[in-house]
A.B. asks: 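Dumping the structure here so I can ask a few things about it.
Lettering follows sequence order; numbering is per chain, from 1. The figures here come from the full heavy-atom set of this structure, side chains too, leaving out hydrogens, waters and symmetry mates.
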Amino acid sequence: MGIEPGQFYRPHGSLRIDYKKSLNPQQLAAVTAPDGPALVIAGAGSGKTRTLTYRVAYLIERGVPPDQLLLLTFTNKAADEMMNRVKLLLGAQIVCPWGGTFHSVANKILRQHSHLIGYNNNYTILDREDSLDLVKACLKELDVDIKPKVGPRAEVITEIISKAANTAASIEQTIQNEYPYLTPYISLIKQTSALYEQKKRESNLMDFDDLLVKCKLLMEEFPEILRHYQERFQHILVDEYQDTNKLQSELVDLLASRHRNIMVVGDDAQSIYGWRGANFENILTFPSRYPGTRIYRIEYNYRSTPEILAVANASIANNPVQHRKKLTPIRPAGKKPTLIICRDPIQQAWFIANKIREFRETGLRLADIAVLYRSHFHAMEVQLELTRAGIPFVITSGIRFFEQSHVKDVTVYLKLLVNPRDELAFRRLTLMLPGIGPKTFDKLWRAYLSKLEALKGPECQNGPSNDTNSRSQAWESLPEVLAAISNHVPSPSKTEWAKLVGLFKTIQALGPQLTPAPIIRKIMEAYLDNYIRLTYSNYLQRLEDIDELIAYAEQFKSTNDFLAQLALLTNLESEETLIATYATDAVRLSTVHQAKGLEFEVVFLIMLCDGLFPNARAMGIPGGLYEERRLFYVGITRAKTHLFIFYPECRRSPGSQGLETLEISRFLSEIPWELFEVLDLRSYNTPGFYSSFVSS
DNA sequence: CTGTCCACGGTTTTT
DNA sequence: CCGTGGACAG
Ligand SMILES: Nc1ncnc2c1ncn2[C@@H]1O[C@H](COP(=O)(O)OP(=O)(O)OP(=O)(O)O)[C@@H](O)[C@H]1O
C-alpha cells in the first residue's frame with residue numbers, strides 16, 4: 001500500500017484541484033458534500049461518474065487515506081479507471097485497495113475470514129457453468145430417492161436458487177412470487193438447494209452469490225469483524241446504485257451503519273438488471289433508510305446532442321414516472337438520429353459497414369464507434385460483414401474468455417492444487433482421461449476423499465491461511481493420494497493415470513511457491529497440449545488461447561490470486577486481457593447491458609423488432625416491458641453525436657431456411673417520428689440479401 | 001461402463 | 001444450426 005494516512009492532506013483553501021473549473025455548481029455541491037449520507041440521482045450523461053471520481057479525489061485531498069475508501073463499481077475496470085483519473089488529478093500514484101465490484105470486495109474480505117464460517121480461506125469460486133454442473137450433480141443424486149423425471153430443469157433451479165439469494169428471500173417465497181407454476185416442486189427444489197449448499201461446503205466452493213451471502217453472514221455473526229470493517233471504511237461510495245440488489249444494499253447498509261459516510265450515485269431510469277434481483281427501489285428509498293440524506297440532482301447532460309436526448313426522453317416517457325428528472329442538454333444542436341428501415345439483417349450489416357467506412361475517412365477512431373444490441377446473436381450478420389469488409393472489431397461474447405472449455409481444461413489442474421477438495425475439478429480432470437466415465441469417477445472420488453482425510457486428519461482450520469501460505473499442506477500430498485487410489489482405476493486407463501500422478505509430481509518439484517505460469521507450462525507439456533490437439537478440431541486457435549492464458553498468468557505470483565481473478569473479471573474485462581485485441585483501434589460490438597456507463601461518438605442500435613427488442617420472454621414477467629424500455633434508453637444515451645436505429649423487416653427463421661417477418665419494435669412505433677431522419681432502404685438492391693441466399 | 005451416434009429442442013440480459 | 005441429453009452397441 002505504501003500510502004501514509006493524510007499524505008495528500010492539504011489545509012482547506014489550498015486544495016490542488018480547481019474543482020470549480022471542472023464541475024458545474026450541482027456537481028460541485030455533491031463533490032464537496034459534508035460527511036453523512038448523500039444521494040446523487042441524475043439522468044444519463046449528466047456526469048455522475050465524473051462527480052464520484054472528483055469526490056474520491058476530494059476526500060483524499062482532505063486527508064482520507066485511500067485504503068479507507070470503499071469504492072463499489074459495476075465493473076472492476078470502472079474502479080481502475082476512476083482511480084487512474086484520480087491519479088492524474090492529484091498528480092500522484094494512488095492505490096485504492098478496496099475498489100471494485102461487490103463480488104471482488106466480498107472475496108477480498110472472505111479470503112481473510114471465511115474459516116470462521118465453515119470454509120477454508122482457499123475456497124474456489126464457481127462460475128455459472130460450474131454452479132449449474134453442481135446442481136445437476138445434486139439432482140442426479142436426489143433422483144435415487146425421489147423419481148420425478150418430469151420437473152424443472154437444472155437451469156431453472158439454479159436460477160431460482162440464485163434469485164432467492166440475491167433478493168434475500170427464501171426459496172418458497174421466490175417460487176411463489178416469481179415461479180408460481182413450480183409450486184408443486186417446492187420441496188424438490190428445496191432439497192436440491194440444501195444438497196447444493198452442502199456440497200459446496202464439503203468441497204470448499206463458493207458460487208458468485210455466496211461471496212455476497214457469506215460476507216453478509218460473516219458480518220452478522222461476528223460483530224467484531226463487522227466493527228473492524230465499519231471502522232476501516234471511513235467513506236463508502238457506490239456507483240450505479242440503481243442496479244444493486246437487496247443483498248448488496250443490506251451488506252452496504254451494515255458496513256455504513258456506524259459512521260454513515262455513504263454516497264450513492266445512480267439513475268433509476270437506467271436500472272436494467274432487475275432479472276438478476278436488482279431493485280431500483282434501493283435508490284428511491286435511500287433517503288428514508290438514511291434519515292438526513294442530502295440529495296443532489298444534476299440536471300444537465302454533457303454527453304449527447306439535444307436531438308439524441310429528445311429521442312431518449314420521448315421513449316422513457318412511456319414508462320410510469322419513477323423519479324422526475326429534468327435534463328437539459330449542454331451541447332449545441334446536431335443532427336437528428338437516423339431511423340433505418342431495411343429488409344433484413346444483411347442489409348442492416350451492409351449499411352453499417354459502409355457508414356463505418358465513411359466515418360473512418362473523416363478521421364474518426366474506430367474505438368469511438370459501437371454497434372449495440374439486445375442479444376448476442378443479433379450481431380451475427382454484422383460480424384460477418386465487418387470481417388468481410390476488413391474492419392477491425394472487438395466483440396464481447398456471451399461466454400467469457402476464461403470460461404471456454406479448453407481454458408477450463410487447464411485451470412482445473414490449478415484448482416485441484418489449490419483446493420484438493422474441489423469435487424468439480426476432480427471430476428472434470430478424471431473424466432478427461434480415456435476409459436473413465438461417471439461411474440469410475442464416483443468410485444475414485446470416494447476413495448480419494450477418504451485418503452485425503454486419512455492422510456491429513458481433519459481439514460486444517462489454522463486461522464487465516466492467506467495466499468502466501470496456501471501452499472501449506474494440501475497440495476503436497478496430491479501425487480501420493482492419487483497414486484494410492486490407482487487400484488480403483490480400470491486397467492486400460494492405468495497408464496494415463498500414472499501420467500497424471502507424474503504430472504503432479506513434476507509440479508511438486510517446481511517448489512512450494514505455486515506460481516501459476518510455470519505450472520501451466522508443465523501441464524501443457526506433460527499432457528494437455530496433446531489432449532487439446534486430439535479433442536478439438538480448431539485446436540490451433542485454442543492453443544493460442546492457452547498461450548494468452550500463460551501470458552496473463554505471468555503477472556501473478558500466487559495461483560490462488562490468479563484463479564480468483566479469472567472468476568471475478570467481468571466479461572468485458574476478460575476480453576481485454578487478450579493481447580491481440582488490446583492495442584488495435586477497433587469498433588466495439590456489445591450488448592446494451594455491457595455498454596452500461598460507456599459512451600461513443602457513433603452508436604448503431606440494431607434489431608429493433610418486436611419480440612427481439614423488447615425481448616418477448618422478458619415481457620412475460622411483471623415490469624419486464626418497463627425494464628426493456630429502460631434498456632432502450634440506456635442504448636440511446638450511449639451516443640454522443642451520431643445515432644442510427646435499425647428496424648429490419650424480416651430475419652432468417654431460427655432453425656430453418658425460411659424467412660420470418662418481424663413487426664417494428666413498439667419502442668419505435670410509440671414515439672413521434674419527427675424526431676428522426678427516416679431512411680427506407682427496402683427497395684434498394686443492396687448486395688447479399690436473404691432471399692438470394694436462400695435460393696442459391 | 002464407456003463412448004458414439006442420433007434426435008431433439010431452443011436461442012435474454014451476467015457477477 | 002448447434003450443443004446437449006438420451007439411447008444403444010461394443
Ligand atoms: N462539468 C462538466 N464539464 C464538462 N464535461 C462534463 C462535465 N460533467 C460531465 N461531463 C462529460 O459528460 C460525459 C458523461 O459523464 P459521465 O459518464 O460521468 O455521466 P454519467 O452520469 O455517469 O452517465 P451515465 O449514467 O449515462 O453512464 C463525459 O464525457 C464527461 O466527461
A.B. asks: In whole angstrom, give the distance that lies between atom CZ of F74(A) and atom C1' of dT13(B).
C.D. replies: 10 Å
A.B. asks: Under 5.5 Å between ring centres and under 30° between planes: does that hold for Y273(A) against the base of dT14(B)?
C.D. replies: no
A.B. asks: Salt bridge or not for E381(A) and R651(A), using N-O below 4.0 Å?
C.D. replies: no
A.B. asks: Look at the side-chain N and O atoms of Q594(A) and state whether any lies under 4.0 Å from the OP1 or OP2 oxygen of dT14(B).
C.D. replies: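 Indeed, a polar side-chain atom of Q594(A) lies that close.
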A.B. asks: Taking atom types as modelled, is there a side-chain donor on N245(A) or N166(A) under 3.5 Å from an acceptor on the other?
C.D. replies: yes
A.B. asks: CG of D133(A) versus P of dG5(C): gap in Å, rounded?
C.D. replies: 9 Å
A.B. asks: Should D239(A) and K48(A) count as an ion pair when the cut-off is N to O under 4.0 Å?
C.D. replies: no
A.B. asks: Between K136(A) and dT4(C), is there a contact of a side-chain N or O with OP1 or OP2 at under 4.0 Å?
C.D. replies: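 No, no such contact exists.
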A.B. asks: Give me the distances for all protein-to-nucleotides 8-10 of chain C N/O pairs that come in under 3.5 Å?
C.D. replies:
none

A.B. asks: Would you please indicate if the ring centroids of Y229(A) and H113(A) are separated by under 6.0 Å?
C.D. replies: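 Between Y229(A) and H113(A), the centre distance is under 6.0 Å.
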A.B. asks: OP1 or OP2 of dT14(B) versus the side-chain N and O atoms of T591(A): is any pair under 4.0 Å?
C.D. replies: yes
A.B. asks: So do the side chains of L625(A) and R629(A) get within less than 4.5 Å of each other, counting heavy atoms only?
C.D. replies: yes
A.B. asks: Looking only at the side chain of A618(A) (C-beta and beyond, no hydrogens), which of the listed nucleotides dT2(B), dT12(B), dT13(B) gets closest?
C.D. replies: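 So the nucleotide nearest the side chain must be dT12(B).
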A.B. asks: Rounded to whole Å, please give me the gap between CD in Q242(A) and C1' in dT13(B).
C.D. replies: 15 Å
A.B. asks: Would you classify P490(A) as touching base, sugar-phosphate or nothing, given that sugar-phosphate means primed atoms plus P, OP1 and OP2, and contacts are heavy atoms under 4.0 Å?
C.D. replies: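 Result for P490(A) = nothing.
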A.B. asks: Inspect the contact between D422(A) and K415(A) and indicate whether a charged nitrogen and a carboxylate oxygen are less than 4.0 angstrom apart.
C.D. replies: no
A.B. asks: Measure from the side-chain heavy atoms of P438(A) and tell me the nearest of dT13(B), dT15(B), dT2(B).
C.D. replies: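 Of all the options, the side chain of P438(A) is nearest to dT2(B).
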A.B. asks: On DNA chain B, does the nearest nucleotide to F102(A) precede the nearest nucleotide to F441(A) from the 5' side, or the other way round? Give the residue.
C.D. replies: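 Result: F441(A).
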A.B. asks: Less than 4.0 angstrom from a charged side-chain N to a carboxylate O is my criterion; do K163(A) and E159(A) meet it?
C.D. replies: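 No, this pair does not count.
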A.B. asks: Quick test of your reading of the model: are D243(A) and R276(A) salt-bridged, counting only N-O distances below 4.0 Å?
C.D. replies: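 Looking at D243(A) and R276(A), the cut-off is not met.
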A.B. asks: Please measure how far the P atom in dT4(C) lies from the corresponding atom in dT13(B), and state the result in whole Å.
C.D. replies: 16 Å
A.B. asks: Check the distance between dC1(B)'s P and L444(A)'s CG and give it to me in whole angstrom.
C.D. replies: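 Atom CG in L444(A) sits about 12 Å away from atom P in dC1(B).
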A.B. asks: When the distance from CD of E159(A) to P of dT13(B) is rounded to whole Å, what number comes out?
C.D. replies: 12 Å
A.B. asks: For Y373(A) and F377(A), I'd like to know if the aromatic rings sit close, meaning centre-to-centre distance below 6.0 Å.
C.D. replies: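 Here the rings of F377(A) and Y373(A) have centres that are no less than 6.0 Å from each other.
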A.B. asks: Mark yes or no for a side-chain to base donor-acceptor pair under 3.5 Å between R617(A) and dT12(B), with no hydrogen or angle criteria applied.
C.D. replies: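 Under the 3.5 Å cut-off, the side chain and the base do not form any donor-acceptor pair.
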A.B. asks: Report the secondary structure of DNA chain C in dot-bracket form, marking unpaired bases with a dot and bases paired to a different strand with |, and treating Watson-Crick or G-U pairs with both distances under 3.5 Å as paired.
C.D. replies: .|||||||||
A.B. asks: With DNA chain B as reference, determine whether E628(A) or K443(A) sits nearer its 5' end, using the nearest nucleotide of each.
C.D. replies: K443(A)
A.B. asks: When you measure from the side chain of P434(A), which nucleotide among dT14(B), dT15(B), dG3(B) comes out closest?
C.D. replies: dG3(B)
A.B. asks: Return the value, rounded to whole Å, for the distance between atom CG of L433(A) and atom P of dC1(B).
C.D. replies: 18 Å
A.B. asks: Does H376(A) have a side-chain nitrogen or oxygen under 4.0 Å from the phosphate oxygens OP1 or OP2 of dT14(B)?
C.D. replies: yes
A.B. asks: Please set out all donor-acceptor pairs under 3.5 angstrom arising from side-chain atoms of residues 429-448 of chain A, sequence neighbours excluded.
C.D. replies:
from, atom 1, to, atom 2, distance (Å)
T430(A), OG1, F426(A), O, 2.9
T430(A), OG1, R427(A), O, 3.0
Y448(A), OH, P420(A), O, 2.8

A.B. asks: Looking across every strand, which nucleic acid part, if any, lies under 4.0 Å from T440(A) by heavy atom: base, sugar-phosphate, or nothing?
C.D. replies: sugar-phosphate
A.B. asks: Using the side-chain heavy atoms of F208(A), tell me which of these nucleotides is nearest: dT15(B), dT2(B), dT14(B).
C.D. replies: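 Nearest nucleotide to the side chain: dT15(B).
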A.B. asks: If the plane angle is over 60° it's perpendicular, under 30° parallel, otherwise tilted; pick one for F613(A) and F667(A).
C.D. replies: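 F613(A) and F667(A): perpendicular rings.
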A.B. asks: Would you kindly give the CG-to-C1' distance between N615(A) and dG10(B), to the nearest whole Å?
C.D. replies: 13 Å
A.B. asks: Rounded to whole Å, how long is the line connecting atom CE of M607(A) with atom P of dT12(B)?
C.D. replies: 14 Å
